2 protein chains.
Amino acid sequence: MKKRNTIQKQIILDSIKNTKSHPDVNELLKIVKEKDSTIGKSSIYRNLNSMIEDGSVKLILTNSNSKRYDGNTSNHNHFVCNKCNKVIDIMKEETIDKKLEKEYNFIIQEKNTTYFGICDNCILKKNI
Amino acid sequence: MKKRNTIQKQIILDSIKNTKSHPDVNELLKIVKEKDSTIGKSSIYRNLNSMIEDGSVKLILTNSNSKRYDGNTSNHNHFVCNKCNKVIDIMKEETIDKKLEKEYNFIIQEKNTTYFGICDNCILKKNI
DNA sequence: CCCCTTATTGAGAATGTTTCTCAATAATAT
DNA sequence: ATATTATTGAGAAACATTCTCAATAAGGGG
């Protein structure tokens, strides 16, 4: 007997999968509570963490002090507004250049690529 | 009369510029306190924020709950360990591929690119 | 079906990070 | 030197996230 299916998990996963707004925990809680107002914030944190663990949800890193989540796990990039922290999907095939900047009406100030994985030290320590 | 030069600013900027460890605020505070033990945490936050504002320091986004800072503002990418959150510089010219993975002894699990800038809405609202 | 076990939940406490407040200090222009 | 006022350090306040725990409910075995 391992993981159990609960209504809470279903609603949370369903909610994050069906929004394009890349919500943080408070915003997601609001969406979730519309479907079941009894669901608590702890369950959002708990379940998002395990969904990130198993890869069914992605973490988006912005400049704000709260984490944002993306239910779209397909390989794509993001544009983050330096003023309002809004996150917008940039599909992988698109090439960011002057043309794209014009198309979206953004001002692109910086491109930031980060590789995530396991470092040499953690591999040695079998910290995997 | 606008910005003033202070010993605190000098020590903080000097400290972040002279470490490759991509410290968070607590780690940077420790380094700073070795040079002047009277400098307080508020000054670290205050000055880092303004240094980010004017571009003399960069923010690094990891999976942990605290922000990390990089005094190296040259165009380069990062590798972040998913276990210990250590951040390692990846120079721009290098191409991430199997060869590189072997060279560094990493396991690369994900590549994440984010474009930062000003979104259409904020441009309209002249929120710049 | 109905137990039994135990994973999961919601509420709130605890912890951690970042910002805010304010009197004291010190950097600059005069 | 003095006056003005940006900056400071300490702690309070505001958030974000994790932890704790009694109550609930999922799902396997009878």
Side-chain angles (χ1 to χ4, degrees), chain A residues 1-16 22-54 56-70 80 82-85 87, chain B residues 1-16 22-54 56-70 80 82-85 87:
Chain A
M1 210 186 312
K2 268 292 157 73
K3 297 239 172 177
R4 290 178 184 177
N5 279 331
T6 67
I7 302 162
Q8 290 88 343
K9 281 182 190 175
Q10 288 166 34
I11 292 179
I12 292 169
L13 188 59
D14 190 65
S15 298
I16 185 70
H22 313 85
D24 64 16
V25 164
N26 288 325
E27 290 163 1
L28 186 60
L29 183 64
K30 207 181 284 180
I31 297 172
V32 163
K33 272 189 179 299
E34 280 168 17
K35 299 177 187 164
D36 182 342
S37 66
T38 67
I39 295 179
K41 194 180 277 194
S42 318
S43 295
I44 306 267
Y45 274 108
R46 220 183 293 118
N47 282 303
L48 279 177
N49 281 342
S50 88
M51 287 168 191
I52 281 169
E53 185 104 18
D54 70 29
S56 47
V57 161
K58 296 281 181 189
L59 190 59
I60 303 179
L61 307 162
T62 73
N63 297 311
S64 78
N65 290 331
S66 56
K67 291 175 176 171
R68 295 196 160 272
Y69 300 87
D70 192 349
V80 179
N82 274 330
K83 291 295 167 186
C84 69
N85 271 305
V87 180
Chain B
M1 209 186 311
K2 268 292 158 71
K3 298 240 172 174
R4 290 179 183 176
N5 278 332
T6 67
I7 301 160
Q8 290 89 344
K9 280 182 189 175
Q10 287 168 34
I11 292 179
I12 291 168
L13 188 60
D14 188 67
S15 298
I16 186 69
H22 311 86
D24 64 16
V25 164
N26 289 324
E27 291 161 0
L28 186 61
L29 182 65
K30 208 180 283 180
I31 297 172
V32 163
K33 273 189 179 297
E34 281 168 16
K35 299 177 188 164
D36 181 341
S37 66
T38 68
I39 296 181
K41 195 180 275 195
S42 318
S43 295
I44 307 270
Y45 274 108
R46 219 182 294 119
N47 283 304
L48 279 177
N49 282 342
S50 88
M51 287 168 190
I52 282 170
E53 186 102 17
D54 70 30
S56 48
V57 160
K58 295 281 180 188
L59 191 59
I60 302 180
L61 307 160
T62 74
N63 297 311
S64 77
N65 291 331
S66 56
K67 291 177 177 171
R68 295 197 160 272
Y69 300 86
D70 192 350
V80 180
N82 274 329
K83 292 295 167 186
C84 69
N85 271 306
V87 180

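We name chains A, B, ... by the order of the sequence lines, and we start the count at 1 in each one. The structure presented is a predicted model; accordingly, all values stated were derived computationally and were not measured.
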- Side chains of Asn26(A) and Lys41(A): is there a donor and an acceptor less than 3.5 Å apart?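 The answer is yes; a qualifying pair exists.
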- Return yes if a side-chain donor-acceptor contact under 3.5 Å exists between Asn63(A) and Lys67(B), otherwise no.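 Absent: no donor and acceptor within the cut-off.
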- Task: Kindly say whether Arg4(A) contributes a backbone atom to a donor-acceptor pair with the side chain of Lys9(A) at under 3.5 angstrom?
- Result: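 Yes.
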- Query: Are the side chain of Arg68(A) and the backbone N or O of His22(A) linked by a donor-acceptor pair below 3.5 Å?
  - Reply: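 It does hold such a pair.
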Using whole Å, report how far [atom1] of [X] lies from [atom2] of [N].
| X | N | atom1 | atom2 | result |
| --- | --- | --- | --- | --- |
| Ile39(A) | dT8(C) | CD1 | C1' | 12 Å |
| Asn5(A) | dA26(D) | CG | P | 10 Å |
| Ile44(B) | dA10(D) | CD1 | P | 12 Å |
| Met51(B) | dT7(D) | CE | P | 11 Å |
| Asn47(B) | dC20(C) | CG | P | 15 Å |
| Asp36(B) | dG9(D) | CG | C1' | 11 Å |
| Leu48(B) | dG9(D) | CG | C1' | 16 Å |
| Ile7(B) | dT25(C) | CD1 | P | 15 Å |

- Item | For Leu48(B), all residues meeting side-chain contact (heavy atoms from CB on, under 4.5 Å), sequence neighbours excluded |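 Leu48(B): side-chain contact (heavy atoms from CB on, under 4.5 Å) contacts with Val25(B), Leu28(B), Ile44(B), Val57(B), Tyr69(B).
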- Message: Quick check for you: among dA6(D), dG9(D), dA26(D), whose closest atom lies nearest to any side-chain atom of Arg4(B)?
- Response: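 The listed nucleotide nearest to Arg4(B)'s side chain is dA6(D).
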Listed partners of [X] passing salt bridge (Lys or Arg N to Asp or Glu O under 4.0 Å), at least two apart:
| X | value |
| --- | --- |
| Arg46(A) | none |
| Asp70(A) | none |
| Lys35(B) | Asp14(B) |

- Query: If you pin Thr6(B) and Thr6(A) to their nearest nucleotides in DNA chain D, which one's is more 5'?
  - Reply: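 Checking each residue's closest nucleotide, the 5'-ward one belongs to Thr6(B).
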- Task: State whether Gln8(A) places a side-chain N or O below 4.0 Å from either non-bridging phosphate oxygen (OP1 or OP2) of dT8(C).
- Result: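 No, no such contact exists.
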- With respect to the phosphate group of dA6(D), does any side-chain polar atom (N or O) of Lys3(B) fall under 4.0 Å of OP1 or OP2?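 Answer no for this pair, as no side-chain N or O of Lys3(B) is under 4.0 Å from OP1 or OP2.
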- Query: Are Thr62(A) and Leu61(B) close enough that some pair of their side-chain heavy atoms sits under 4.5 Å apart?
  - Reply: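 Not in contact.
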- What bend angle does the helix from dC1(C)-dG30(D) to dT30(C)-dA1(D) show across its length, from five-pair end axes and to the nearest 10 degrees?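 Axis-to-axis angle, ends of the helix: 40°.
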- Quick one: what's the B/S/- string for nucleotides 12-19 of chain D, heavy-atom cutoff under 4.0 Å, read 5' to 3'? ----SBBB
